[in-house]
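Data first, discussion second: the structure below is written as structure tokens.
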Amino acid sequence: MIVEIWSDIACPWCYIGKARFEKGLAGFAHREQVEVIHRSFELDPQRAKGDTASVVDMLASKYGRTLEQARAMEEHVASNARSEGLAYRTEGRDHGSTFDIHRLLHLAKERGLQDELLNRAYEVNFADERSVYDPEVQVAVAVAAGLDEAEVRAVLADGSRYANEVRADEREASELGANGVPFFVFDRRYGVSGGQPVELFTQALEQAWQGREADAATAAAPACEPDGACAVPNG
């Protein structure tokens with residue numbers, strides 16, 4: 001079985017959803033026969049490289065909230081992350097273009113290191129004091145994931161490398177009806193949108209394996225939308 005996951009490292013619900021999916025996969029009897037492929041989806045594709053802004057400022061502007069309210073929104077998301085055992089820093093994070101990171105993820109996919117790079121990029125973006133939008137940090141993160149430094153620098157220096165692959169993933173997401181992330185596609189049978197509970201992911205895996213549709217897979221769950229805005233549940 002193939003599970004494809006469209007996500008963006010700027011998306012906190014992708015960070016949380018990946019952890020929940022992996023817990024659901026751990027409880028799936030046929031987990032050794034599941035191949036996971038990560039696909040590109042930029043939340044803010046029009047943002048220029050090097051143009052970064054505070055996440056708290058972005059939330060306040062998007063939702064028309066005060067900075068205090070925006071910080072509370074971040075704390076709420078952080079509590080969801082921490083409940084999954086994930087580190088999450090609510091102050092000092094920034095938001096920017098993820099295009100180069102997606103290009104590096106395609107390089108990592110060719111080298112069999114995609115999951116390693118994605119995990120490290122998430123950790124830096126949500127838990128580290130470094131900015132994942134800094135090119136030197138991107139190099140360090142990619143090398144720590146096992147990629148060759150010279151090859152990483154060559155990809156970052158040439159904006160055309162893996163650009164077509166990123167755009168192809170994004171076109172396919174649109175064709176599949178994904179208007180937010182995370183978006184999980186199970187064996188091209190159906191999709192699961194948002195940071196769903198662990199139990200739903202296990203159920204979706206089982207039903208995809210059996211070739212049946214999962215009504216529960218259509219349930220609403222927190223997700224991030226283009227422009228970088230992320231839904232924050234009330235509960």
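Computed from heavy atoms alone, side chains included, the values below leave out hydrogens, waters and symmetry copies. Just so we're clear, the structure is a prediction, and the values are computed from it rather than from any experiment. Start at 1 with the first residue, then count along the sequence.
When the ring pair (Phe, Tyr, Trp, His ring centres under 6.0 Å) test is applied to Y88, the partners found at least two apart in sequence or on another chain are F126. Listed by chain and number, the residues in a side-chain hydrogen bond (donor to acceptor under 3.5 Å, both in side chains) with E136 are R153 (sequence neighbours excluded). For E32, there are no side-chain contact (heavy atoms from CB on, under 4.5 Å) partners two or more places apart in sequence or in a different chain. In this structure, the side-chain contact (heavy atoms from CB on, under 4.5 Å) partners of E68, at least two apart in sequence or on a different chain, are T66, R71. Residues satisfying the side-chain hydrogen bond (donor to acceptor under 3.5 Å, both in side chains) test with N164, not counting sequence neighbours, are none. Under the side-chain hydrogen bond (donor to acceptor under 3.5 Å, both in side chains) criterion, S131 pairs with D94, not counting sequence neighbours. In terms of the side-chain contact (heavy atoms from CB on, under 4.5 Å) criterion, residue partners of E110 (sequence neighbours excluded) are, by chain and number, Y162. Under the rule for a ring pair (Phe, Tyr, Trp, His ring centres under 6.0 Å), the partners of F21 that lie at least two apart in sequence or sit in another chain are F184, F201. With sequence neighbours excluded, the residues forming a side-chain contact (heavy atoms from CB on, under 4.5 Å) with V185 are E4, W6, L176, F183, R188, listed by chain and number. The side-chain hydrogen bond (donor to acceptor under 3.5 Å, both in side chains) test applied to R167 returns E42, E170, not counting sequence neighbours.
For the atom pair CD1 (I101) and CG (L156), the distance works out to 9.5 Å, reported to the nearest 0.5 Å. Between the CG atom in L113 and the CZ atom in R120 there is a gap of 10.0 Å [rounded to 0.5 Å]. Here the straight-line distance linking atom CG of D8 with atom CG of L105 works out to 9.5 Å at 0.5 Å rounding. Taken from CE in M1 to CZ in R189, the straight-line distance is 7.5 Å, to the nearest 0.5 Å. Here the CG atom belonging to L118 is positioned 8.5 Å from the CD1 atom belonging to I9, to the nearest 0.5 angstrom. Considering CD of Q69 and OH of Y63, their distance stands at 13.0 Å, rounded to 0.5 Å.
Following chains of ILVMFWY side-chain contacts shorter than 4.5 Å, one can reach V124 starting from L107, so the two form part of one hydrophobic cluster. One hydrophobic cluster, built from ILVMFWY side chains closer than 4.5 Å, holds both L147 and V155. Using a 4.5 Å cut-off between side-chain heavy atoms of Ile, Leu, Val, Met, Phe, Trp and Tyr, with links allowed through other members, W209 and V198 fall into different hydrophobic clusters.
The list of salt bridge (Lys or Arg N to Asp or Glu O under 4.0 Å) pairs with a residue in residues 17-29, not counting sequence neighbours, reads K18-E22, K18-D115, R20-E84, K23-E84.
Judged purely by atom type and a 3.5 angstrom limit, T202 uses its side chain to pair as donor or acceptor with the backbone of G24. A donor-acceptor pair is defined here as one N or O able to donate and one able to accept, closer than 3.5 Å; no such pair exists between the side chain of Y133 and the backbone of Q138. N80 contributes a side-chain N or O that, together with a main-chain N or O of H76, makes up a donor-acceptor pair within less than 3.5 Å. At least one donor-acceptor pair closer than 3.5 Å links the side chain of R31 to the backbone N or O of F28.
With respect to R103 and E165, no salt bridge is recorded, no charged nitrogen being found less than 4.0 Å from a carboxylate O. The pair D100-K49 meets the salt-bridge criterion, since a charged nitrogen lies less than 4.0 angstrom from a carboxylate oxygen.
Listed here is the closest heavy atom pair of A70 and A60: CB-N, 3.8 Å. Contact between A208 and Y190 at its shortest, heavy atoms only, is N-OH, 3.4 Å. Minimum heavy-atom separation, A142 to L117: CA-CD1, 3.7 Å. S40 approaches V166 most closely through the heavy-atom pair CB-CG1, 3.9 Å. The minimum heavy-atom distance between C11 and L43, with the atom names listed, is CB-CD1, 3.6 Å.
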V3 and D187: side chain to side chain contact (heavy atoms under 4.5 Å, CB included), yes or no, with the steps? CA-CA 6 Å; V3 178; D187 243 7; over 6 Å; no

Would L59 and R65 count as a side chain to side chain contact (heavy atoms under 4.5 Å, CB included) if you check the C-alpha gap in whole Å, the side-chain angles of each, and the deciding distance to 0.1 Å? CA-CA 7 Å; L59 290 172; R65 306 291 179 84; over 6 Å; no

Using side chain to side chain contact (heavy atoms under 4.5 Å, CB included), reason through R89 and E129 one step at a time and then give a plain yes or no. CA-CA 8 Å; R89 187 168 62 96; E129 294 185 0; 4.3 Å; yes

Give the C-alpha distance, both sets of side-chain angles, the deciding distance and a yes or no for salt bridge (Lys or Arg N to Asp or Glu O under 4.0 Å) between R82 and E75. CA-CA 10 Å; R82 292 164 186 156; E75 286 291 348; 3.6 Å; yes

Can C14 and Y122 be said to form a side chain to side chain contact (heavy atoms under 4.5 Å, CB included), step by step? CA-CA 9 Å; C14 296; Y122 276 140; 3.2 Å; yes

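Here the side chains of E206 and H30 are not in contact, with every heavy-atom distance at 4.5 Å or above. In this structure, V181 and W13 have side chains that are not in contact, with every pair of non-hydrogen atoms separated by 4.5 Å or more.
Applying the under-4.5 Å side-chain rule to Ile, Leu, Val, Met, Phe, Trp and Tyr, the cluster around I2 extends to I37.
For the residue pair H106 and D169, a side-chain donor N or O sits within less than 3.5 Å of a side-chain acceptor on the partner. For the residue pair H95/D57, the side-chain donor-acceptor check at 3.5 Å is not satisfied.
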